[in-house]
**Student:** 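Next up is a structure, given as structure tokens.
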Amino acid sequence: MASKGPSAIASGSAQHAKLVADHRKKRRLPWAWAPPILVGLACFALKLELSNVSGILTAVGLFSAAMLGVFVQLASWRVKFSERIARFRHTEAPSRERLDSAVHKTLTATVMSMILAAALVGVEFRAALSFDFARTVFPSLFEMPPVIWLQSQATAIFLFISAACVAGLAWLLVVFIFIVSDLRATYNTMIAAEESEASQMRALKRHREQRSA
């Protein structure tokens with residue numbers, strides 16, 4: 001078999017770079033952060049606070065567990081893509097890029113859900129943070145100007161935390177939509193590739209049978 005010359009290698013590398021660049025350009029969505037930020041600002045401006053936080057906490061926990069399950073599936077698909085990289089280095093480059101992007105989104109969403117759960121716990125126990133015991137044990141501490149200011153701004157602080165939690169939930173929803181889109185595209189690519197390989201194997205088998213006949 002003749003070896004590839006430098007011009008062929010350069011042409012293949014340029015084709016691969018163009019495919020990846022085109023895919024990244026299509027996947028670049030500057031407005032992805034806009035809905036969560038707008039929702040959070042609206043909640044803060046309208047002074048809307050979360051209620052039934054325990055139910056939201058349960059949903060966030062289930063979401064993080066689901067994201068870990070999705071990561072396991074994505075990892076198995078990535079292994080299959082790596083096994084086929086010698087044959088489909090250029091044609092499947094966008095699919096590999098999409099799959100790597102989905103893995104990044106999945107892990108980021110898992111970490112974000114844990115941070116969000118911690119913030120939701122603070123919102124849930126807001127009523128318990130009266131500091132009565134601390135005020136009895138350290139009365140001079142609550143006479144300090146910074147502490148007095150914090151007490152006067154407690155409502156605004158918890159309102160900000162609640163709005164940030166709502167923005168985080170909206171962000172998880174947006175990321176979830178992107179992940180589902182990546183999963184669907186990757187699944188279609190895998191099925192198409194497997195059907196193509198199966199068709200080639202059937203054609204090869206018929207060819208061998210015809211030669212042996």
Side-chain angles (χ1 to χ4, degrees), residues 20-82 92-129 150 153-190:
V20 174
D22 292 343
H23 173 70
R24 287 179 176 175
K25 189 181 297 182
K26 293 178 182 178
R27 297 293 296 168
R28 193 176 297 132
L29 299 174
W31 50 266
W33 286 95
I37 293 175
L38 291 176
V39 170
L41 290 175
C43 290
F44 185 79
L46 298 175
K47 298 182 179 180
L48 300 177
E49 294 191 40
L50 288 172
S51 60
N52 190 22
V53 178
S54 58
I56 299 175
L57 268 172
T58 302
V60 170
L62 293 175
F63 178 83
S64 62
M67 287 297 99
L68 291 177
V70 170
F71 170 74
V72 173
Q73 181 62 55
L74 292 175
S76 66
W77 284 351
R78 191 62 178 87
V79 171
K80 291 183 178 180
F81 273 111
S82 298
E92 290 187 351
S95 297
R96 290 193 299 272
E97 182 73 18
R98 180 188 289 269
L99 188 57
D100 292 339
S101 176
V103 170
H104 174 73
K105 293 188 188 79
T106 301
L107 295 179
T108 304
T110 304
V111 174
M112 182 63 180
S113 62
M114 294 295 99
I115 297 174
L116 185 59
L120 288 170
V121 169
V123 175
E124 174 72 10
F125 291 99
R126 174 185 176 182
L129 299 177
L150 284 176
Q153 302 296 323
T155 301
I157 292 173
F158 279 103
L159 180 61
F160 174 79
I161 295 175
S162 178
C165 290
V166 173
L169 291 171
W171 183 84
L172 289 180
L173 177 61
V174 173
V175 171
F176 179 74
I177 294 174
F178 287 161
I179 291 173
V180 170
S181 175
D182 291 337
L183 284 174
R184 179 179 59 83
T186 304
Y187 174 80
N188 292 337
T189 301
M190 294 292 296

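This chain uses plain numbering: 1 for the first residue, then up along the sequence.
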**Student:** Indicate the ring-plane relationship of Phe44 and Phe160, choosing parallel, tilted or perpendicular according to the 30° and 60° boundaries.
**Tutor:** perpendicular

**Student:** Going by side-chain contact (heavy atoms from CB on, under 4.5 Å), name the residues that satisfy it together with Phe71, two or more places apart in sequence or in a different chain.
**Tutor:** Val103, Thr106, Leu107

**Student:** Tell me, do Glu49 and Cys43 make a side-chain contact under 4.5 Å, heavy atoms counted?
**Tutor:** no

**Student:** Determine yes or no for a side-chain-to-main-chain donor-acceptor pair under 3.5 angstrom, with Thr110 supplying the side chain and Met67 the backbone.
**Tutor:** no

**Student:** May I ask you to decide if Glu97's main-chain N or O and Ser101's side chain share a donor-acceptor pair within less than 3.5 Å?
**Tutor:** no

**Student:** What distance separates Lys105 NZ from Ile177 CD1, expressed to the nearest 0.5 Å?
**Tutor:** 12.5 Å

**Student:** Just verifying a value: how many Å separate Leu74 CG and Ile179 CD1, rounded to the nearest 0.5 Å?
**Tutor:** 8.0 Å

**Student:** Output the distance between atom NE2 (His104) and atom CG (Asp182), rounded to the nearest 0.5 Å.
**Tutor:** 11.5 Å

**Student:** Using 0.5 Å steps for rounding, measure from the CG atom of Leu159 to the NZ atom of Lys47.
**Tutor:** 8.0 Å

**Student:** Which side-chain N or O atoms in residues 164-175 pair as donor and acceptor under 3.5 Å with protein atoms at least two apart or in another chain?
**Tutor:**
none

**Student:** Between Leu120 and Leu50, does the side-chain contact (heavy atoms from CB on, under 4.5 Å) criterion hold? Intermediate values first, please.
**Tutor:** CA-CA 9 Å; Leu120 288 170; Leu50 288 172; 3.6 Å; yes

**Student:** Pair Trp77, Leu183 - check side-chain contact (heavy atoms from CB on, under 4.5 Å), show working.
**Tutor:** CA-CA 10 Å; Trp77 284 351; Leu183 284 174; 3.7 Å; yes

